[in-house]
There are 2 protein chains.
Amino acid sequence: MIGQQMASSLERRSGVSLWRQIADQILHSIAAGDFAENAALPPEVALAERYGVNRHTVRSAIAALVQDGVLRAEQGRGTFVQSRKRLSYPIGARTRFSEGLQGQASERRSVLLESAVEPASRRVAEGLGLAKGSTVIRLETRGEADGQPVSRATGWFDAGRFAGIDAAMAETGSVTASLKRFGIDDYLRQSTVLSARHADAADLADLDLQPGAIVLVTVAVNVTPDGQPIQFAETRFPAERVELKISAL
Amino acid sequence: MIGQQMASSLERRSGVSLWRQIADQILHSIAAGDFAENAALPPEVALAERYGVNRHTVRSAIAALVQDGVLRAEQGRGTFVQSRKRLSYPIGARTRFSEGLQGQASERRSVLLESAVEPASRRVAEGLGLAKGSTVIRLETRGEADGQPVSRATGWFDAGRFAGIDAAMAETGSVTASLKRFGIDDYLRQSTVLSARHADAADLADLDLQPGAIVLVTVAVNVTPDGQPIQFAETRFPAERVELKISAL
DNA sequence: TGGTATTTGTTCGTATGTATC
DNA sequence: GGATACATACGAACAAATACC
């Protein structure tokens with residue numbers, strides 16, 4: 001229930017829109033502990049009646065809270081309070097997927113979704129120190145922790161030097177293990193640039209997110225200990241499930 | 001114009017909502033170079049007519065693109081293509097506001113918005129290594145580059161050790177300079193945790209953002225060279241204007 | 001298995017408020 | 001003050017997904 005007395009006071013033409021006032025009340029209601037995690041909210045029509053507004057107005061409020069990752073709406077089922085515990089993914093000199101989440105999730109794995117051989121874009125060529133248009137291998141992978149998607153990476157490798165890394169990746173499910181087959185026993189994170197945006201349609205599907213979800217985006221170059229670039233990668237992390245902990249580089 | 005022939009083909013009951021199809025077409029249209037940065041889109045009624053849909057449907061499409069930071073709608077003026085060049089803010093062992101943006105903006109400054117003395121929350125106390133409820137000084141600052149807001153920080157200091165740092169900050173406009181007055185000639189970034197979310201109402205106003213904008217959030221602890229915590233800070237960066245470059249720690 | 005009720009998602013129509021030029 | 005354009009709100013209907021019997 002959204003507070004029996006609480007729901008009363010919506011002020012019209014107060015300078016604050018009704019949908020925002022409703023969103024705030026729902027938010028407070030959740031913060032006050034009226035709803036457990038993953039608990040269902042009353043249906044839209046019920047909320048509309050309770051607040052004395054049109055269903056659209058309630059929907060605007062819910063949409064805003066879905067954007068904020070507070071609620072999660074599922075067609076045909078209802079609207080639920082989104083659980084918000086985040087994994088902490090370390091970024092440092094020796095960033096490795098599986099090791100990074102050790103202790104936070106019992107089962108961690110990396111799944112190869114797709115691979116392709118293609119000419120390098122300018123961005124990729126610069127990152128790998130190759131000529132633009134050089135042939136590179138692109139690997140699309142998804143990281144999972146306890147069955148839930150926590151990252152979606154696109155990595156590029158020099159096709160000349162790492163021919164067959166796609167097969168190795170499919171077999172081992174690990175970049176580190178795959179690189180070992182090419183004589184790379186160690187590699188370091190040279191640079192990381194971080195940004196954030198809304199997930200695009202593809203990432204929404206791959207990461208099992210609701211429209212409007214935010215992804216943290218890292219663009220990184222991994223190099224051999226002597227500084228030779230071996231991998232250029234862009235990784236998207238769902239902001240509602242992951243935070244990035246920057247450790248010593 | 002949104003492509004003369006392009007605008008034709010909306011597929012109804014195709015499983016993809018009309019507003020999303022329209023959003024995609026507008027996006028392609030921008031990517032194709034039909035609009036310069038900050039150029040105005042045709043008004044909503046014109047777009048609605050062109051696509052043969054209700055104005056609401058166009059509004060849904062525009063709202064989605066505003067969320068993505070692609071467009072910017074200004075009441076009474078129109079809808080514009082958002083410019084997307086980002087400052088690159090370095091995060092490393094010696095992260096300092098002004099130095100970090102050197103070379104990217106000719107004028108950089110930090111403005112003290114508010115200060116207060118208050119008991120430390122559990123989070124702040126833990127970060128500073130103080131007892132919960134210890135008195136701390138909170139400084140609210142905004143970073144600007146060439147007059148545009150690029151960061152919004154909330155910093156906490158031990159009130160016992162740094163009494164008067166609020167005045168120093170107001171006077172110097174620099175954390176580094178203020179700390180010098182307390183005998184701190186050097187400090188290091190001990191830890192940084194990074195996340196992302198939608199800007200709340202206060203940050204929207206302080207950073208001059210449109211509703212739905214995304215902020216990158218860093219939570220950091222600065223320490224003296226011998227490891228003593230001196231500052232705990234949460235900083236919000238507008239994701240549409242800033243990217244974070246992780247340099248050597 | 002199938003049909004019905006429930007609940008969210010989409011679309012159209014209309015009216016009014018508010019900010020800008 | 002008037003015209004233009006985005007913002008908010010209400011009403012109605014149907015579609016799509018899910019739950020339940």
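Here the structure is a predicted model, which is why all the values come from computation and not from measurement. By convention in this document, chain letters (A, B, ...) are assigned in the order of the sequence lines, proteins followed by strands, and residues within each chain are numbered from 1.
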* Just to confirm, is there a sub-4.0 Å distance from OP1 or OP2 of dC10(D) to any side-chain nitrogen or oxygen of Thr57(A)? -> yes
* Among pairs that include at least one residue of residues 55-66 of chain B, which meet side chain to side chain donor-acceptor pair (under 3.5 Å), considering only residues two or more places apart or in two chains? -> Glu44(B)-Arg55(B), Glu44(B)-Arg59(B)
* **Secondary structure of DNA chain C in dot-bracket form (Watson-Crick or G-U wobble, distances below 3.5 Å, | marking inter-strand pairs)** => .||||||||||||||||||||
* To do: Report the residues that fulfil side-chain contact (heavy atoms from CB on, under 4.5 Å) with Gln82(B), sequence neighbours left out, ordered by chain and then residue number.
  => Arg72(B), Glu240(B)
* Got a sec, which residues hit side-chain contact (heavy atoms from CB on, under 4.5 Å) with Ala46(B), two or more places apart in sequence or on another chain? -> Pro42(B), Pro43(B)
Nucleotide [N], atom [atom2] - distance to [atom1] of [X] in whole Å:
{"X": "Arg12(A)", "N": "dT18(C)", "atom1": "CZ", "atom2": "P", "answer": "13 Å"}
{"X": "Phe80(A)", "N": "dT18(D)", "atom1": "CZ", "atom2": "P", "answer": "11 Å"}
{"X": "Gln21(A)", "N": "dT8(D)", "atom1": "CD", "atom2": "C1'", "answer": "12 Å"}
{"X": "Arg20(A)", "N": "dA9(D)", "atom1": "CZ", "atom2": "C1'", "answer": "16 Å"}
{"X": "Leu10(A)", "N": "dA9(D)", "atom1": "CG", "atom2": "C1'", "answer": "12 Å"}
{"X": "Leu18(A)", "N": "dG17(C)", "atom1": "CG", "atom2": "C1'", "answer": "12 Å"}
{"X": "His56(A)", "N": "dT11(C)", "atom1": "NE2", "atom2": "C1'", "answer": "8 Å"}

* To do: State whether a side-chain donor-acceptor pair under 3.5 Å links Thr192(A) with Thr218(A).
  => no
Atom pairs, N/O to N/O, protein against nucleotides 4-7 of chain D, distance under 3.5 Å?
unit_1	atom_1	unit_2	atom_2	d
dC6(D)	OP2	Glu44(B)	N	3.2
dA7(D)	OP2	Arg59(B)	NH1	3.1

* Structure fact -> Across all chains, not counting sequence neighbours, the salt bridge (charged side-chain N to carboxylate O under 4.0 Å, His left out) partners of Arg142(A) are Glu144(A)
* Asked: So, are Glu140(A) and Arg138(A) salt-bridged, with charged N and O less than 4.0 Å apart?
  -> yes
